[in-house]
Amino acid sequence: MERVYNFSAGPAVLPVSVLEQVQAELLSYNGSGMSVMELSHRSSWFQQIIDDAESLLRELMNIPDNYQVLFLQGGASLQFSMIPMNLANRQKVAYVNTGSWSEKAIEEAEKIVGLQVKVVASSKENKFTSVPQIPATSDEFDYLHITTNNTIEGTCYFSAPTNSQVPVIADMSSNILSSEYNVADFGLIYAGAQKNIGPAGLTVVIVREDLIAESKENLPSMLDYQLQAKNGSMYNTPPTFAIYVAKLVFEWIKELGGVAAIEKLNRQKAELLYTYLDKSTLFSSPVEPNSRSLTNIPFVTGNEALDKKFVQEAEKANFVNLKGHRSVGGMRASLYNAFPIEGVQALIEFMQKFAENEGEI
Ligand SMILES: *Cc1c(COP(=O)(O)O)cnc(C)c1O
């Protein structure tokens with residue numbers, strides 16, 4: 001069975017060794033005679049899995065003890081609502097607009113009755129091809145929300161803003177565990193799992209305990225961080241299979257040497273592609289060099305018909321899911337942790353041949 005090079009932005013490529021372990025254990029997990037999918041979430045088998053997943057993530061991200069790690073459902077998109085519902089006290093919150101996902105987060109916050117949502121920085125004027133500088137955020141706000149990696153536009157903040165007087169909340173859906181961040185710089189970090197962690201259906205939330213010390217009045221139970229934390233992410237049935245696969249992915253990252261080692265690899269992969277794009281007379285990157293993402297790399301030929309032809313031919317050569325997001329067009333190569341460097345090298349060779357055939361000198 002031949003595997004393709006899968007450049008999907010999410011759900012995305014997983015490590016082959018993880019998939020093989022899932023396969024090997026699928027019918028009987030750890031001698032239980034049951035699949036992980038069939039285990040009770042209250043069994044000691046599953047309790048061990050979720051405990052291991054949490055402690056591995058704590059170790060990989062160096063998460064301080066005063067942070068809770070939650071395994072929730074509803075995707076990153078539900079966090080767009082849960083964050084203001086749980087963390088807005090003074091009814092004023094700050095957002096940075098760096099693209100489609102930030103805009104969705106802003107839209108959901110604006111639906112909270114009585115909440116004033118202020119966009120304190122935006123790169124909309126230059127079509128989100130860079131990330132804006134973030135001005136000092138005063139304590140009139142409850143929090144400052146940023147998107148560390150903009151999956152669709154291919155831009156990234158590689159560290160938290162240092163001039164915020166209020167907790168920084170980060171949507172890290174597309175670059176959690178891809179490069180190092182200092183968790184203590186953030187009040188809350190969240191990520192849908194299907195890009196860099198595991199299967200869809202799991203959302204990871206890392207939140208400073210003092211921010212969720214008290215449940216807000218009339219908050220629906222499932223949307224209450226405090227209640228979820230108190231119940232060890234098992235207020236109801238958690239996405240058990242997704243948590244199990246996430247645990248295997250965390251083990252895989254640890255074996256590779258942790259996030260620092262993975263970041264080094266990711267930098268090599270991205271550097272290869274950006275270097276080629278900057279050199280090519282056919283393909284180019286629309287993103288300003290110092291805002292460029294390591295995990296999502298959009299590129300264009302400048303000719304829509306040619307972009308389409310490229311995507312079609314690439315697909316035939318087993319380079320799949322290279323079509324850019326419908327909102328920006330062109331192409332996008334998502335190079336998450338599990339994407340192999342050989343795939344980047346092979347893609348570049350393919351692009352070179354394509355360019356030659358199109359008459360590139
Ligand atoms: C994919 C993505 C989302 C949406 O994730 P869901 O889990 O599908 O809700 C939100 N933010 C960013 C940055 C993303 O990449």
Side-chain angles (χ1 to χ4, degrees), residues 1-23 149 151-154 156 173-179 193-200 245 248-249 252-253 255-280 282-287 292-301 307-325 328 330-357 360:
M1 171 60 143
E2 198 189 345
R3 301 244 321 151
V4 296
Y5 286 125
N6 180 6
F7 293 89
S8 171
V13 57
L14 286 165
V16 173
S17 62
V18 165
L19 295 174
E20 283 170 345
Q21 189 170 348
V22 170
Q23 185 178 41
N149 189 77
T151 324
I152 294 171
E153 296 79 7
C156 188
S173 292
S174 51
N175 77 335
I176 190 168
L177 296 168
S178 274
S179 44
Q194 68 275 17
K195 282 147 192 167
N196 229 350
I197 292 180
V245 180
L248 299 182
V249 171
W252 174 79
I253 297 174
E255 258 164 51
L256 281 175
V259 180
I262 278 269
E263 174 171 353
K264 209 168 144 201
L265 269 171
N266 288 334
R267 287 196 179 275
Q268 285 169 2
K269 292 187 294 187
E271 177 93 13
L272 279 176
L273 187 50
Y274 284 124
T275 302
Y276 171 66
L277 290 172
D278 287 343
K279 202 173 65 187
S280 170
L282 180 66
F283 298 103
S284 63
S285 157
V287 179
R292 287 175 175 177
S293 164
L294 300 181
T295 45
N296 305 97
I297 305 185
F299 57 96
V300 293
T301 64
D307 287 351
K308 200 169 162 198
K309 183 175 171 191
F310 175 79
V311 170
Q312 278 169 354
E313 291 195 6
E315 187 107 13
K316 277 187 230 147
N318 279 346
F319 301 100
V320 309
N321 291 316
L322 276 167
K323 194 170 184 290
H325 191 271
V328 295
M331 283 73 72
R332 171 178 50 175
S334 294
L335 307 180
Y336 297 122
N337 288 348
F339 193 92
I341 193 160
E342 306 79 60
V344 185
Q345 287 155 342
L347 174 68
I348 293 168
E349 271 175 44
F350 179 81
M351 290 168 78
Q352 273 164 336
K353 281 207 200 95
F354 182 89
E356 276 165 30
N357 289 341
E360 181 181 71

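These figures come from a predicted structure and were not determined experimentally.
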* Asked: Going by heavy atoms in the side chains, are Leu273 and Met351 under 4.5 Å from each other?
  -> yes
* To do: Walk me through it: do Trp252 and Ser17 pass the test side chain to side chain contact (heavy atoms under 4.5 Å, CB included)?
  => CA-CA 8 Å; Trp252 174 79; Ser17 62; 3.5 Å; yes
* Taking C-beta and beyond as the side chain, do Ser293 and Asn149 meet within less than 4.5 Å on heavy atoms? -> yes
* Asked: Between Val311 and Met331, is a side chain to side chain contact (heavy atoms under 4.5 Å, CB included) present by the stated rule, with each step listed?
  -> CA-CA 7 Å; Val311 170; Met331 283 73 72; 3.7 Å; yes
* Let me see the working for Asp307 and Thr301 under side-chain hydrogen bond (donor to acceptor under 3.5 Å, both in side chains), right down to the final yes or no. => CA-CA 6 Å; Asp307 287 351; Thr301 64; 2.6 Å; yes
* Asked: Do Ser285 and Tyr274 come within less than 4.5 Å of each other through their side chains, counting heavy atoms only?
  -> yes
* To do: Side-chain contact test, heavy atoms from C-beta onward, threshold under 4.5 Å: evaluate it for Tyr336 versus Phe7 and give yes or no.
  => no
* Asked: Any side-chain heavy atom of Val287 sitting closer than 4.5 Å to one from Glu153?
  -> no
* To do: Locate the shortest heavy-atom distance separating Ala12 from Lys195; write the atom from each residue and the value.
  => CB-O, 3.7 Å
* Is the gap between the ring centers of Tyr5 and Phe350 under 6.0 Å? -> no
* For the side chain to side chain contact (heavy atoms under 4.5 Å, CB included) test, which of Asn318, Val320, Leu14 pairs with Asn6? -> Val320
* side chain to side chain contact (heavy atoms under 4.5 Å, CB included) between Ile197 and Ile176, worked out -> CA-CA 8 Å; Ile197 292 180; Ile176 190 168; 3.7 Å; yes
* To do: Using a 4.5 Å cut-off on heavy atoms from C-beta on, say whether the side chain of Lys353 contacts that of Ile348.
  => no
* So, Asn337 and Asn266: side-chain donor and acceptor under 3.5 Å apart, yes or no? -> yes
* Structure fact -> Residues passing the side-chain contact (heavy atoms from CB on, under 4.5 Å) test with Val259, sequence neighbours excluded, are Leu60, Leu177, Glu180
* Structure fact -> When every non-hydrogen atom of Ser334 is compared with those of Ser8, the smallest separation belongs to CB-O, 3.4 Å
* For Leu282 and Ala355, work out which heavy atoms get closest and say how close. => CD2-CA, 3.7 Å
* Asked: For the atom pair CD1 (Ile253) and OG (Ser178), what is the distance rounded to the nearest 0.5 Å?
  -> 8.0 Å
* Any salt bridge (charged side-chain N to carboxylate O under 4.0 Å, His left out) involving residues 258-278? Give me the pairs, sequence neighbours left out, ordered by first then second residue. => Glu263-Arg267, Asp278-Arg292
* To do: For Asn196 and Val249, work out which heavy atoms get closest and say how close.
  => O-CG1, 4.2 Å
* **Approximate separation, where rounding is to 0.5 Å, of Gln352 CD and Phe283 CZ** => 10.0 Å
* Are side-chain N/O atoms of Asn175 and Thr295 paired as donor and acceptor at under 3.5 Å? -> no
* Asked: Are Ile297 and Arg332 side-chain neighbours, meaning at least one heavy-atom pair lies under 4.5 Å?
  -> no
* Asked: Tell me, do Ser284 and Val300 make a side-chain contact under 4.5 Å, heavy atoms counted?
  -> yes
* Please name the pair of heavy atoms, one in Pro298 and one in Pro286, separated by the smallest distance, quoted to 0.1 Å. => O-CD, 3.4 Å
* Minimum heavy-atom distance Leu347-Ala333, with the two atoms named -> CD2-CB, 4.4 Å
